Amino acid sequence: IECDGLALGGQVLGDPWQSRVEWRRPLLLLPSTEFEWEGLLVRSEGSIRMRGTPRFLIKMEAPAGPVRMSRLPMAVWSGMEVEAARVHMQGSLGGTLTSLASWRGDLKVNASRLGLTHMGRGDKMEFEHGSLTASLRGGALQVIDTRLQSEQLSFLGNGVIVPDGRVRGVLRVVADHDHAAVLTRF
């Protein structure tokens with residue numbers, strides 16, 4: 001099986017890839033395979049039931065390790081580089097292949113000693129910890145909790161994207177006196 005790439009909203013999220021598949025009645029299996037995505041080594045495996053209702057399941061994991069990305073996945077417009085001493089990602093997605101409303105997915109990402117650098121200005125922000133917990137249910141992507149935390153500046157948020165394109169979310173900013181003054185002026 002091969003894929004020419006993955007795009008969302010006109011932004012490329014993944015490069016072309018290919019993998020062998022195995023037939024184990026009644027499942028078509030995508031055996032455990034590794035690929036690099038934006039500087040992150042990802043292990044994935046999956047299956048599709050070929051009889052009756054075509055159900056699928058995909059599992060992904062990025063083992064804990066350092067990472068350096070030249071752009072933020074899903075936010076390539078940001079112009080930000082990312083580096084972290086340690087990142088761990090784990091996710092799954094499954095459901096009836098032909099029914100988006102049946103898809104269920106979960107994603108957890110944890111990172112430590114994060115650095116975000118603006119490529120144009122060279123400004124760098126550092127965070128001790130970052131995390132993201134998200135789920136997909138009934139066609140709605142819910143960011144249950146996302147955090148970038150440091151002693152001086154922290155961003156805490158959650159939100160939801162529904163199938164008709166509406167987005168709702170909350171972002172809380174916690175800052176020390178100096179950062180609060182800069183943010184207030186901004």
Side-chain angles (χ1 to χ4, degrees), residues 1-64 67 69-80 82 87-111 130-148 155-172:
I1 188 169
E2 64 183 274
C3 175
D4 289 338
L6 179 63
L8 179 64
Q11 299 296 325
V12 175
L13 302 178
D15 295 327
W17 60 270
Q18 69 180 111
S19 176
R20 62 186 181 85
V21 292
E22 296 175 8
W23 172 247
R24 288 204 195 139
R25 198 171 169 178
L27 299 174
L28 189 60
L29 299 175
L30 179 65
S32 184
T33 185
E34 290 186 350
F35 60 93
E36 188 174 311
W37 179 58
E38 299 293 339
L40 196 61
L41 182 66
V42 178
R43 273 188 240 143
S44 67
E45 61 184 48
S47 64
I48 299 176
R49 185 172 68 193
M50 301 303 287
R51 291 180 121 184
T53 305
R55 296 190 54 77
F56 75 98
L57 177 63
I58 300 168
K59 294 180 181 179
M60 295 184 308
E61 181 175 13
V67 70
M69 297 180 175
S70 59
R71 63 184 184 150
L72 280 173
M74 307 287 287
V76 294
W77 42 263
S78 68
M80 299 293 281
V82 180
V87 173
H88 180 255
M89 177 185 76
Q90 195 167 12
S92 65
L93 179 64
T96 301
L97 194 59
T98 56
S99 172
L100 177 64
S102 75
W103 292 16
R104 296 178 59 90
D106 295 292
L107 176 65
K108 290 186 181 191
V109 181
N110 283 296
S131 65
L132 169 72
T133 302
S135 71
L136 178 69
R137 302 285 187 274
L141 176 64
Q142 183 176 8
V143 176
I144 297 164
D145 183 57
T146 187
R147 297 168 183 261
L148 286 172
F155 297 97
L156 315 167
N158 54 42
V160 65
I161 302 171
V162 292
D164 68 5
R166 289 177 292 146
V167 177
R168 292 197 175 125
V170 175
L171 177 65
R172 293 167 297 284

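Just so you know, these numbers come straight off a predicted model, no measurement behind them.
Put simply, OG on S19 and CG on L29 are 11.0 Å apart, with the number rounded to the nearest 0.5 Å. Note that the OG atom of S131 and the CG atom of D145 stand 5.5 Å from one another [nearest 0.5 Å]. Note that NZ of K59 and CG of D106 are 11.5 Å apart. Values are rounded to the nearest 0.5 Å. Rounding to the nearest 0.5 angstrom, the gap separating the CZ atom in R137 from the CD atom in Q142 is 9.0 Å. Note: K108 NZ to M89 CE = 14.0 Å, rounded to the nearest 0.5 Å.
Counting heavy atoms from C-beta on, the side chains of L27 and R49 come closer than 4.5 Å. By the 4.5 Å heavy-atom criterion applied to side chains, T146 and L132 are counted as neighbours. For the pair M50/P26, no side-chain contact is recorded, criterion being any heavy-atom separation below 4.5 Å from C-beta on. For the pair Q90/N110, no side-chain contact is recorded, criterion being any heavy-atom separation below 4.5 Å from C-beta on.
A 6.0 Å sphere centred on CG of L97 holds more than 12 heavy atoms belonging to other residues, nucleotides or ligands.
Checked against ring pair (Phe, Tyr, Trp, His ring centres under 6.0 Å), F155 has no partners two or more places apart in sequence or in another chain.
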Determine whether R20 and E22 satisfy the following criterion, salt bridge (Lys or Arg N to Asp or Glu O under 4.0 Å), listing intermediate values before the conclusion.
CA-CA 7 Å; R20 62 186 181 85; E22 296 175 8; 2.6 Å; yes
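Among residue pairs with one or both ends in residues 158-169, those qualifying as salt bridge (Lys or Arg N to Asp or Glu O under 4.0 Å) are D164-R166; sequence neighbours excluded.
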